[in-house]
Amino acid sequence: MLRDRPLSVIRVLRGQAPFMQKNVPRYTPPWVPTVSVWAEASRRDVHYALCNDPRTLLCSPTSGGGIHPALVVAATGPTPPT
């Protein structure tokens, strides 16, 4: 169900309102696969994690929130305008 679907994470940090984190953080392990998807609303590439194995799922930070897979698989996501 999660394979090849870009993941967002709901983050809940002390003293802040919950927010949706889409870009993978710099400290993401190098073995976590990622995909770059064009976001038309913000006119930029967003770098999502792909959860294609149990080890990636286990390292996904939830910080009190949860993970949310995209409705599309990475291969069919939007592409940047030419």
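No experiment lies behind these values; they were computed from the predicted model shown. Heavy atoms only: backbone and side chains are in, while hydrogens, waters and symmetry mates are out.
Among residues two or more places apart in sequence or in another chain, the side chain to side chain contact (heavy atoms under 4.5 Å, CB included) test is passed with Arg44 by Asn23, Ser42, Val46.
Annotation: side chain of Met20 is in contact with side chain of Ile10 (closest heavy-atom distance under 4.5 Å).
Leu50 and Pro6 get closest at one heavy-atom pair: CD2-N, 3.7 Å. In terms of heavy atoms, Pro18 sits closest to Val12 at CB-CG2, 4.1 Å.
Cluster partners of Val24 are absent, since no Ile, Leu, Val, Met, Phe, Trp or Tyr has side-chain heavy atoms less than 4.5 Å from it.
To the nearest 0.5 Å, the span separating NE2 on His47 from NZ on Lys22 amounts to 13.5 Å.
Not one N or O on the side chain of Asp45 forms a donor-acceptor pair closer than 3.5 Å with the backbone of Ser36. Put simply, the side chain of Arg3 gets close to the backbone of Asn52: a donor and an acceptor are under 3.5 Å apart.
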side-chain contact (heavy atoms from CB on, under 4.5 Å) between Leu7 and Tyr48, intermediate numbers included: CA-CA 6 Å; Leu7 296 181; Tyr48 292 91; 5.8 Å; no
